[in-house]
Student: 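Below is the structure I would like to discuss, written out as structure tokens.
None of these values were measured; they are calculated from a predicted model. For ligands, and for the atoms within them, numbers begin at 1 and follow the listed sequence.
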Amino acid sequence: MRYDTLIRNARLIDGTNAPAYTADVAVRGGRIERIGDLSDARAAHETDAAGRVLAPGFIDVHTHDDTVVIRQPQMLPKLSQGVTTVIVGNCGISASPVTLRNEPPDPMNLLGAKAAFVYPRFSDYRAAVEAASPAVNVAALIGHTALRSNHMDDLQRTASASEIQAMRQQLRESLEAGALGLSTGLAYASAFSAETDEVLQLAGELTAFGALYTTHLRSEFEPVLEAMDEAFLIGHQARVPVIISHLKCAGAGNWGRSPQLLAALEQAAKTHPVGCDCYPYAASSSTLDLKQVTDAFRITITWSTPHPEMGGRDLQDIAGLWGLSLLDTAQRLQPAGAVYYGMDESDVRRILAHPLSMIGSDGLPEDPFPHPRLWGAFPRVLGHYSRDVGLFPLHTAVHKMTGLSAQRFGLRERGEIREGNWADLVLFDARTVRDVADFNQPQQAAEGIDGVWVNGVLSYQQGAASGNRAGVFLAR
Ligand code: ZN
Ligand code: CU
């Protein structure tokens, strides 16, 4: 029996949350064909994996990689972490279906300027991804704010009945073309004025498709529990699974409340499929939001259109330099991006460790000085939080980025090392794996990721992309 690829003597962590065991894995035609003792088998490519862990390729369930998968299909920030699938379209913002008359509203500008939005229909976007042939698989959500920007002249109000009809129509067409579900970003000014009923009506389109609802909550600050209730209500009424995006306790007045949030999540999970994603850092990042400007914690500027030279500097320092208040300084920097050191480490750990949480990077690939989660989220969970801090066993860390994620998002035949599944695989050294990217030097590849296979194709090895780009579009 001759295979395409044989990976021998690996410590297999299969993604199901089961402990590691030693086995050989044989791949043919892009799929995992056999697992076991394959000493007699031969393959065109053989790798001795002794001493290392073989896991399912990581699934980044929370990304803003919508346009970068097309413009920079090598996807090195993700591939170098062992990520083999990205889910785009989170936080209410998606590259499609979008027809812009003006510059994109905040925070759609996180995906690029107006010229990046050239996909009036979801099927156009899907075709562009397929033509670009990215190195990782791509699945996509449809952004509520994107739909709003297509049909509303003013985002500071809730949509009218006819606008909702138009949005529903576009959402339905997108779901027919393979979108996974709907995302909202209700905290942002561009969607905050949408009443619950507007989202409820849109979510009504999801039911027939078995699609899902993900949400950047209306608030991550003091009213976070009310915002979670709103999300569960929407999911319940539409009878669709709910994923809370980057669950956190934001703002100093909110620290220490993670047990309450997790209790609410558990309570909802008793009657309904719910979960959350999170990234392994106590700092968040997005566009610079005047409402979040405070002296209670550090804020750094990552980009600024009028003042690009301020990228990487503290808001506090810039304010000193200019002799202005923090708020006036922030105003003068707009439009801009920021990192907010606004979480408490114990909340971050509690949410990371919870069985209902998955790992999502929330990385911002357009940012010239990005939050390090873009390059470091997955190895940081494996190295720092699992191995060094001991927050959970390695097989649980892997489960939160593979099997659980595939199951929640309905990605069939992925997320577990199992005969017949697609061969998305990552080989890493559990003793050395670590995130190198940090807040000072955020664009650095992780260490300890030895090999990454996407659909059976070796795509990353010894710190470099192989040049093979074998990702496919994953339709629901
Ligand atoms: Zn978000
Ligand atoms: Cu996000």
Side-chain angles (χ1 to χ4, degrees), residues 59-69 77-78 83 85-95 104-112 138-148 180-192 194 199 212-221 223-224 227-228 230-231 234 242-251 254 261 275-289 291-292 302-303 337-340 342-343 348 351 357-367 370-378 405 408-409 442:
I59 299 169
D60 191 347
V61 297
H62 191 115
T63 86
H64 297 290
D65 291 337
D66 300 56
T67 56
V68 84
V69 293
K78 297 298 165 73
V83 169
T85 296
V86 298
I87 295 177
V88 305
N90 278 281
C91 295
I93 61 175
S94 54
D106 179 290
M108 277 174 72
N109 53 358
L110 290 174
L111 303 181
V138 179
L141 299 159
I142 300 302
H144 170 228
T145 304
L147 296 174
R148 281 170 71 80
L180 291 185
L182 174 72
S183 79
T184 58
L186 297 173
Y188 292 102
S190 47
F192 188 76
V199 185
L212 66 122
Y213 176 62
T214 76
T215 179
H216 177 148
L217 295 171
R218 204 178 279 278
S219 176
E220 297 176 330
F221 292 80
V224 58
M228 289 177 75
E230 180 185 35
I234 290 164
V242 176
I243 310 290
I244 310 281
S245 297
H246 41 62
L247 184 64
K248 64 171 78 74
C249 299
N254 214 17
L261 272 52
C276 70
D277 63 65
C278 58
Y279 47 80
Y281 299 86
S284 64
S285 182
S286 188
T287 46
L288 178 59
D289 176 7
K291 292 199 306 286
Q292 292 192 49
T302 60
W303 58 272
V339 167
Y340 308 87
M343 284 177 258
V348 173
I351 292 168
S357 73
M358 294 168 274
I359 309 304
S361 72
D362 203 8
L364 300 174
E366 298 299 309
D367 199 317
H371 186 302
R373 63 196 184 186
L374 176 66
W375 287 82
F378 291 81
S405 319
R408 288 275 181 232
F409 281 83

Student: Distance under 6.0 Å and angle within 45° of the ring axis: does Arg373 meet both against Tyr279?
Tutor: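 Satisfied, under 6.0 Å and within 45°.
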Student: Would you say Glu366 and Trp303 make side-chain contact, with heavy atoms under 4.5 Å?
Tutor: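 A side-chain contact is absent here, since even the closest heavy-atom pair is not under 4.5 Å.
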Student: Any N/O/S of His62 under 2.8 Å from the Cu ion (ligand 2)?
Tutor: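 Short answer: yes, at least one N, O or S atom is under the cut-off.
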Student: Would you call the rings of His246 and His62 parallel, tilted or perpendicular, taking 30° and 60° as the class edges?
Tutor: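 It falls in the tilted class, 30° to 60°.
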Student: Closer than 2.8 Å to the Zn ion (ligand 1), do we get an N, O or S atom from His246, backbone or side chain?
Tutor: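 Of the N, O and S atoms in His246, at least one lies under 2.8 Å from the Zn ion (ligand 1), which means yes.
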Student: Any idea which N/O/S atom from His216 gets closest to the Zn ion (ligand 1)?
Tutor: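 Looking at His216, the N, O or S atom with the least distance to the Zn ion (ligand 1) is ND1.
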Student: To the nearest 10 degrees, calculate the angle at the Cu ion (ligand 2) involving SG of Cys91 and OD1 of Asp362.
Tutor: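 Roughly 170°, rounded to 10°.
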Student: Hey, does the side chain of Thr63 reach the backbone of Ile87 with a donor-acceptor pair shorter than 3.5 angstrom?
Tutor: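 Yes, Thr63 side chain to Ile87 backbone: donor-acceptor pair under 3.5 Å.
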